[in-house]
Amino acid sequence: MPASTPQHILIAQAWPYANGSLHLGHITAFLGADILARYHRLKGDSVLFVSGSDCYGTPIAVEAAAQQVSPATIAEKYHQEFRKTLINDLSFSYDHYGATTDVPHREFVQDIFLSLHKKGHLYTKKDTVLFSPSLNQFLPDRFVEGECPHCGFASARGDQCDECGRLLDARSLKNPHANPKIFGDRAKQGERLEERESEHFYLRLSAFQDEIGQLVEERGGAWRQQAAQFTKRFVENGLQDRPVTRDTDWGIPIPIDGYDGKRIYVWFEAVLGYLSAAKVRAGADWDRWWRSDKAKHYYVHGKDNILFHTVILPAILVGSDKDLHLPDAVFSSEYLLLEGRQFSTSRNYAVWAHEFCRSFDGELLRYFLTVQGPETSDTNFQWSSFGELVNGELIGTFGNLVHRICSFVEKHVPEGVTVDAMSESAEQLCTAARQLHKTVGEHIESGQFRKALRSIIEVAEAGNRFAQQTEPWKRIQEDRERATSDLAVLLHVIHTLSIAVQPFLPKTSKTIQSFFGGETVSSDQDSPTKGAWGKESPTTFKIRSTAPLFQKIEEAVVEKQKEALSGE
RNA sequence: AGCGGGGUAGAGCAGUCAGGUAGCUCGCCAGGCUCAUAACCUGGAGGUCAUUGGUUCAAAUCCAAUCCCCGCUACCA
């Protein structure tokens, strides 16, 4: 495969919200971003993979009040936890992982805010909002609970009634009060909420109707279906202006005098992290990624984030500087269910990523969440199938091929092996291996990670079949030359596999490379094997060392995890 | 309620756009092999493709209606 022209690639992974630990659902939504980043680096492209922790906003302030600590303490605690889980446990290879509390981010956001204001894309409007005197804070819709004016349901939320499904205006609720699910008993019982006037900045989304419509029309084909459909429908209904400031003191200050008690809304500023983080990392080269139409941008997140990335962010980009690069590929994942039910943070019905990684190697999770990823529809995480797939496929098929061949060569042909005359079946196997990088690359670039990993496993299966047919462990007695050539063919295939699997299982890839001695595929940005993707693997090998790649998962361990779950 | 996705062997899924003997992985059963982490290889059992009606020589696939599951609906990140 000829090396294509190196491209400037931006991978924009959604910023996890720092008010609680990450569960497997978050990881499955983010994982594709790291696969893309690693793949493009191996291909030789200039990659900028950015994300960070989303640290501001009312939910964090509320959580802080409940624990009687500062919002900054909560945000910092989860920010550090996210870093450890994503980078250390799960090998995410960020070029920059920041936080919305970083000073460069704040300054960047304020600049954009001023620029939009100057161009008339932001305007102020007064509105009445419910206010709790005892909590001394405004209550946005979701924070209010009351009786539904349509069906009489007592615990309707301020934005929508869960019983009859109607959308509501919080001020229409009968007996409105602070939502006890959020505030517990901290709000005064039977308190009467006040309607107070508050002035806010609105983003003139309606002005970008045509630009956004054109964006989804032109590029929606490269987005996940749900993202494109949902955005199209939304644009067809007509874009409405929306407020981008909030009544809170936990957020980025508005860079205009006279708005002391108000802050910039998290969804306005968090998405700008893709720009500010890129700037921190790339410095003067920032334009190559952000102000070049030759760059390519991938957005990776869960489906609840779609509109913020396909409508609001593009509107901000177009409005503040028309040369800024707009989204190319949008990979919004569906949801991961847990034993058939939705993850629930509040009911503690979840498998937490950091706890998971205390019991299992992160590589196993990366494998499972890729083959079982919710790419086109919701999928299920079941402990039993996790154990079965890891033991049966990852270890049984892939790990076993590597281990059986490498250890055999190490033991019986310590001087090394070279590909000699190839039989027809050996030719077939090598052809399949030669095709692999191209196939896998196409699948990765189109966001079909399951298919990509599936094609890798298929080649490993073919390798096992070839070993079974040629039986080098028998043939080595009667026809040593032929047997060692067959073994070299197998090592050639394993070498190809070790590169192909790097975006998915980086540590495993590195381990296999170490069996061959010397050459390693590192996850670092300045990897010495940058550009290794698609290169023909060698045909001469000497095995320096071997060890099983993975440890099997005991059935008892799976059972124990399952029990821990039902005890919610 | 609106919108989007889905309903195919015990489980998880592909196939549906371009109609033509129903496929993959795991599990199960039998055999083989023994280099390998009871692994790997071969063969087998198991499905009225949610339901009903229509188009067609032919429908999992196209059309219509119905039922069920999941998600989203923007001041919850």
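The model shown is predicted, which means the values in this text are computed figures rather than measured ones. Naming convention: chains lettered A, B, ... in sequence-line order (proteins, then strands); numbering from 1 in each chain.
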Rounded at 0.5 Å granularity, tell me how far CZ in F449(A) sits from CD in E375(A).
6.5 Å

Expressed as a whole number of angstroms, how long is the span from [X]:[atom1] to [N]:[atom2]?
X	N	atom1	atom2	value
R404(A)	U37(B)	CZ	C1'	12 Å
F308(A)	U73(B)	CZ	P	8 Å
H443(A)	A14(B)	NE2	P	14 Å
F268(A)	C75(B)	CZ	P	16 Å
L307(A)	C3(B)	CG	C1'	12 Å
R475(A)	C35(B)	CZ	P	16 Å
L205(A)	A74(B)	CG	C1'	9 Å
L491(A)	C35(B)	CG	P	18 Å

In whole Å, what separates the [atom1] atom of [N] from that of [M]?
N	M	atom1	answer
U16(B)	G43(B)	C1'	31 Å
C13(B)	A9(B)	C1'	12 Å
C63(B)	C69(B)	P	25 Å
C26(B)	A65(B)	P	41 Å
G15(B)	C62(B)	P	12 Å
U8(B)	C49(B)	C1'	4 Å
A22(B)	U61(B)	P	14 Å
G47(B)	G7(B)	C1'	14 Å

Proximity to the side chain of [X] - top-ranked nucleotide from [options]:
X	options	answer
N464(A)	U25(B), C41(B), C33(B)	C41(B)
R242(A)	A74(B), G32(B), U37(B)	A74(B)
Y335(A)	C72(B), C41(B), U37(B)	C72(B)
K474(A)	A74(B), U34(B), U25(B)	U34(B)
L389(A)	U25(B), A74(B), C35(B)	U25(B)
R233(A)	U34(B), C3(B), U25(B)	C3(B)
R246(A)	C75(B), C35(B), C33(B)	C75(B)

Looking at every strand, decide which applies to [X] at a 4.0 Å heavy-atom threshold: base, sugar-phosphate, or nothing.
X	answer
H26(A)	base
K552(A)	base
Y265(A)	sugar-phosphate
L337(A)	nothing
G392(A)	sugar-phosphate

Side chains of T370(A) and L505(A) in contact at under 4.5 Å (non-hydrogen atoms)
no

Aromatic ring centroids of [X] and [Y] under 6.0 Å?
X	Y	value
H495(A)	H492(A)	no
Y274(A)	H309(A)	yes
F201(A)	Y259(A)	yes

Pairing of K507(A) and D361(A) as salt bridge, 4.0 angstrom limit:
yes

More than 12 heavy atoms from other groups under 6.0 Å of CD on E481(A):
no

Distances for protein N or O near nucleotides 5-12 of chain B N or O, under 3.5 Å:
{"residue": "G5(B)", "atom": "O2'", "partner": "T376(A)", "partner atom": "O", "Å": "3.1"}
{"residue": "G12(B)", "atom": "O2'", "partner": "Q372(A)", "partner atom": "OE1", "Å": "3.2"}
{"residue": "G12(B)", "atom": "O2'", "partner": "Q372(A)", "partner atom": "NE2", "Å": "3.1"}

Using the six-membered ring for Trp and the full ring for Phe, Tyr or His, decide whether F408(A) stacks on the six-membered base ring of C35(B) (centres under 5.5 Å, planes under 30°).
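No; by the centre-distance and plane-angle rule, F408(A) does not count as stacking on C35(B).
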
Select from H412(A) and F230(A) the residue whose nearest nucleotide in RNA chain B is closer to the 5' end of that strand.
H412(A)

Between S51(A) (side chain only) and A14(A) (backbone N and O only), is there a donor and an acceptor less than 3.5 Å apart?
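Indeed, once roles are kept as given, a pair shorter than 3.5 Å links the two residues.
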
Is the backbone of I60(A) close enough, under 3.5 Å, to the side chain of N19(A) for a donor and an acceptor to pair up by distance?
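It does not hold such a pair.
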
Could you note down all residue pairs passing salt bridge (Lys or Arg N to Asp or Glu O under 4.0 Å) where residues 447-461 of chain A supplies at least one of them, sequence neighbours left out?
E393(A)-R454(A)

If we call it a pair only when both distances are under 3.5 Å in a Watson-Crick or G-U wobble match, what pairs with C13(B)?
G23(B)

